[in-house]
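All figures in this text were calculated on a predicted structure; none of them were measured in a lab.
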Amino acid sequence: MMRLTPDWIGWLATAMFLVSYSCKDQGKLRRVQALAAVLWVVYGSILHAVPIVVANLLVAGVALYSSLIGSAAGKRQAGKLPEAGLSRVSAPDLSRISSPYS
């Protein structure tokens, strides 16, 4: 039977990052990247590699945060969440501007 070593966690994390690039949905991409970063945190912890742990905690945090922000923005655009105090701005009326091409 093949023995699981810490290297397998690193290879799995690498595979997860590669899989994330096939995601069409930005939210899913960021969640997969966050999962891969968590695997890197586990890998770095086993190796006592503080730079790997810190860097990937930051990556996981940013990926999850941007995934949640993107999800909330999408729901807001779909009318499922309130605008959070922001007003809609209409497009400017450009019909009265002269153009050298007209």
Side-chain angles (χ1 to χ4, degrees):
M1 187 165 123
M2 189 166 56
R3 199 180 89 176
L4 292 179
T5 63
D7 288 346
W8 283 102
I9 297 171
W11 288 116
L12 182 59
T14 299
M16 292 296 294
F17 268 117
L18 288 174
V19 166
S20 76
Y21 288 104
S22 69
C23 297
K24 302 289 184 210
D25 176 47
Q26 291 294 312
K28 184 176 180 182
L29 175 136
R30 287 182 175 88
R31 288 187 296 274
V32 172
Q33 286 182 339
L35 177 62
V38 168
L39 288 171
W40 278 114
V41 168
V42 171
Y43 177 72
S45 297
I46 292 169
L47 297 180
H48 303 289
V50 176
I52 292 174
V53 172
V54 171
N56 284 286
L57 280 173
L58 293 171
V59 169
V62 170
L64 286 173
Y65 178 78
S66 63
S67 172
L68 293 173
I69 292 301
S71 174
K75 288 179 183 175
R76 207 174 359 266
Q77 286 178 347
K80 295 179 183 175
L81 286 178
E83 286 291 323
L86 300 176
S87 63
R88 294 188 185 265
V89 177
S90 60
D93 180 13
L94 302 177
S95 64
R96 295 182 186 184
I97 296 176
S98 63
S99 166
Y101 303 108
S102 56

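- Two residues are said to be in side-chain contact when any heavy atoms from C-beta on lie closer than 4.5 Å; Thr5 and Trp8 meet this criterion.
- Ser22 meets the side-chain contact (heavy atoms from CB on, under 4.5 Å) test with Val19; sequence neighbours excluded.
- Thr14 places a side-chain N or O within 3.5 Å of a backbone atom of Gly10 that can act as its donor or acceptor partner.
- A distance of 9.0 Å separates CD in Gln33 from CD in Gln26, rounded to the nearest 0.5 Å.
- Within the structure, salt bridge (charged side-chain N to carboxylate O under 4.0 Å, His left out) pairs that include any residue of residues 41-51 do not occur (at least two apart or interchain).
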Verify side-chain contact (heavy atoms from CB on, under 4.5 Å) between Leu39 and Met16, making sure each step is shown before the conclusion. CA-CA 9 Å; Leu39 288 171; Met16 292 296 294; 3.8 Å; yes
Identify every side-chain donor-acceptor pair in residues 42-62 under 3.5 Å, counting partners at least two apart or on other chains, and give the distances.
unit_1 : atom_1 : unit_2 : atom_2 : d
Ser45  : OG     : Val41  : O      : 2.8
Asn56  : ND2    : Ile52  : O      : 2.9

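- Hydrophobic clustering, defined by side-chain heavy atoms of Ile, Leu, Val, Met, Phe, Trp and Tyr closer than 4.5 Å, leaves Leu29 isolated from every other such residue.
- Among residues two or more places apart in sequence or in another chain, the salt bridge (Lys or Arg N to Asp or Glu O under 4.0 Å) test is passed with Asp25 by Arg31.
- One distance of note links CG of Leu35 with CG of Leu12; it measures 8.0 Å at 0.5 Å rounding.
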